[in-house]
Each structure stands twice: as structure tokens, then as C-alpha cells.
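The next block holds one structure in the form of C-alpha cells; read it before the comments.
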Amino acid sequence: QVQLVESGGGSVQAGGSLQLSCVVSGYSYSQLAMGWFRQAPGKEREGVIAVARSGTTMTADSVKGRFTISQDNAKNTLYLQMNALKPEDTAMYYCAALEASPAYRFRTLNPYAYEYWGRGTQVTVSS
């Protein structure tokens, strides 16, 4: 059973930075396709950045040039570096994992494709 635990959220002013972490346990981290998602109150959950088992990424247009994803396989940890934060980035951020990835380079921003989810970490950006 894959377990995901996010951390690193908080409150920052616009233009600031945060780094989120997602620790993976219960499964071989290198065998998972993963992604970061977010959900603001009253809005649907949306994909932010996804990464395939190959390391290939897919980034939402809304965060391109500001958010990046990285991994530390030795620590079974996925990171989301968020720079130049905007008030519209305010949301609960979730880490998700897909065990049954159909291909080595498969990655998707579709939240319905993912099997496992963390509980989320709140990010609040003030203007």
C-alpha cells in the first residue's frame, strides 16, 4: 500500500517561495508515476506538475516558469519548488502516485488517473 505524506506548506507573501515535500512509503518509489495537484475552495482539483517513471515531466501552463519538480530517490521524496508565488496559487496541495503506469514515460495532469493521494498541505499566498 502506497502512503504519501506532504509537508512544507505555509503562508507567504506574493513573490515569495515555498518548497513542498512528499515522502513515499510502502512501495518502490522508482516504480511510480507521480504528480502534484492543488485544489482551491469551490474549485476542482487541478494538476500542477506530473513526472513519469522516466523523469519526464508535464507542467500546467499556469505555473510554467515558476514551479519545478524534483526527486530524491534515496529519500523516496518528491519535491515541488514554488517561486514567484501569486495569490491565485492559494490552495491545498496534494501529492499523488500512480502504480499502474501504462508506460515508462507516462505522466498526466488528470487527477482521476491517480490511485494514491496524500492528505495535502495548505499554501496561502497573500497580496
Side-chain angles (χ1 to χ4, degrees):
Q1 182 78 11
V2 177
Q3 294 183 328
L4 309 172
V5 179
E6 304 96 333
S7 63
S11 297
V12 296
Q13 291 190 330
S17 298
L18 282 173
Q19 185 183 62
L20 306 184
S21 300
C22 172
V23 178
V24 180
S25 61
Y27 199 80
S28 176
Y29 175 79
S30 62
Q31 298 302 310
L32 297 169
M34 300 196 66
W36 284 100
F37 295 81
R38 66 186 182 186
Q39 188 167 19
K43 294 188 177 181
E44 293 188 354
R45 191 167 297 188
E46 64 172 351
V48 176
I49 299 183
V51 57
R53 287 181 285 151
S54 66
T56 307
T57 61
M58 177 182 292
T59 305
D61 289 341
S62 59
V63 304
K64 276 183 180 177
R66 301 189 297 123
F67 291 12
T68 55
I69 197 169
S70 62
Q71 305 173 85
D72 186 334
N73 289 350
K75 295 182 178 180
N76 288 350
T77 302
L78 183 72
Y79 300 99
L80 178 65
Q81 179 66 42
M82 304 185 295
N83 299 325
L85 283 161
K86 304 176 181 179
E88 52 263 43
D89 294 319
T90 295
M92 184 71 79
Y93 282 71
Y94 298 90
C95 173
L98 173 59
E99 178 184 350
S101 172
Y104 186 58
R105 294 184 178 180
F106 178 82
R107 70 276 188 210
T108 179
L109 294 176
N110 178 2
Y112 294 100
Y114 289 80
E115 301 162 306
Y116 304 99
W117 292 85
R119 294 187 175 184
T121 185
Q122 177 69 37
V123 172
T124 302
V125 185
S126 58
S127 58

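Predicted model, so just to flag it, every value in this text is computed and none were measured.
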Could you list the donor-acceptor pairs under 3.5 angstrom formed between side-chain atoms of residues 68-76 and any protein atom two or more places apart in sequence or on another chain?
from	atom 1	to	atom 2	distance (Å)
Q71	OE1	Y29	OH	2.9
D72	OD1	A74	N	3.1
D72	OD1	K75	N	3.3

**Request:** Carefully, step by step, assess Y112 and R45 under the rule side chain to side chain contact (heavy atoms under 4.5 Å, CB included).
**Result:** CA-CA 10 Å; Y112 294 100; R45 191 167 297 188; over 6 Å; no

**Message:** What's the separation between atom CD in E46 and atom CG in L109, rounded to the nearest 0.5 Å?
**Reply:** 9.5 Å

**Prompt:** Could you go step by step and tell me if K64 and D61 meet the salt bridge (charged side-chain N to carboxylate O under 4.0 Å, His left out) rule?
**Reply:** CA-CA 5 Å; K64 276 183 180 177; D61 289 341; 3.2 Å; yes

**Message:** Quick check: is M92 connected to V23 through a chain of hydrophobic side chains (ILVMFWY, heavy atoms under 4.5 Å apart)?
**Reply:** no

**Complete:** Sorted by chain and residue number, the side chain to side chain donor-acceptor pair (under 3.5 Å) partners of S126 (sequence neighbours excluded) come out as none

**Asked** Between A113 and T108, which heavy-atom pair has the shortest distance, and what is it?
**Response** CB-CG2, 3.6 Å

**Asked** In Å, rounded to the nearest 0.5 Å, how long is the span from CZ of R107 to OG1 of T59?
**Response** 9.5 Å

**Item:** Residue list, side-chain contact (heavy atoms from CB on, under 4.5 Å) with T124, at least two apart or on another chain
**Value:** S11, T90, Q122

**Fill in**
Note: F37 and A96 closest approach over all heavy atoms is CE1-CB, 3.8 Å

**Request:** Could you grab the distance from atom CD1 of I49 to atom OG1 of T57, nearest 0.5 Å is fine?
**Result:** 7.0 Å

**Partners passing side-chain contact (heavy atoms from CB on, under 4.5 Å) against K43 (at least two apart in sequence or in another chain)** = A40

**Item:** Check: Y116 ring centroid to Y27 ring centroid under 6.0 Å
**Value:** no

**Message:** side chain to side chain contact (heavy atoms under 4.5 Å, CB included) for Q81 and L18? Distances and angles first, verdict last.
**Reply:** CA-CA 6 Å; Q81 179 66 42; L18 282 173; over 6 Å; no

**Item:** From R105 atom CZ to T56 atom OG1, the distance as rounded to the nearest 0.5 Å
**Value:** 5.5 Å

**Request:** Using the test ring pair (Phe, Tyr, Trp, His ring centres under 6.0 Å), find all partners of Y93 that sit at least two apart in sequence or belong to another chain.
**Result:** none

**Asked** With side chains defined as the heavy atoms from C-beta onward, is the minimum distance between L4 and M34 less than 4.5 Å?
**Response** yes

**Asked** Any chance the rings of W36 and F67 have centres within less than 6.0 Å?
**Response** no

**Prompt:** Considering all heavy atoms of both residues, which atom of G47 and which atom of A60 are nearest to each other, and what is their separation?
**Reply:** O-CB, 3.4 Å

**Request:** Run the numbers on V2 and L32 for side chain to side chain contact (heavy atoms under 4.5 Å, CB included), then give the verdict.
**Result:** CA-CA 10 Å; V2 177; L32 297 169; 4.3 Å; yes

**Prompt:** Can you check whether T121 reaches L20 side chain to side chain, under 4.5 Å on heavy atoms?
**Reply:** yes

**Nearest heavy-atom neighbours spanning N83 and S17** = OD1-OG, 2.9 Å

**Request:** Decide side chain to side chain contact (heavy atoms under 4.5 Å, CB included) for V24 and T77; before the verdict, give the C-alpha distance in whole Å, the side-chain angles of both, and the deciding distance to 0.1 Å.
**Result:** CA-CA 6 Å; V24 180; T77 302; over 6 Å; no

**Heavy-atom side-chain contact between R38 and S62 under 4.5 Å** = yes

**Item:** Between CD on residue Q31 and CD on residue E99, distance to nearest 0.5 Å
**Value:** 9.5 Å

**Prompt:** Could you give the distance from CZ (R119) to OG (S7), rounded to the nearest 0.5 Å?
**Reply:** 14.5 Å

**Request:** Tell me whether the guanidinium CZ or amine NZ of R53 lies under 6.0 angstrom from the six-membered ring centre of F106 and within 45° of its axis.
**Result:** no

**Prompt:** Which residue pairs satisfy the disulfide (SG to SG under 2.5 Å) criterion with at least one member in residues 14-113, sequence neighbours excluded?
**Reply:** C22-C95

**Prompt:** Do the side-chain N and O atoms of Y94 and E6 include a donor-acceptor pair separated by under 3.5 angstrom?
**Reply:** no

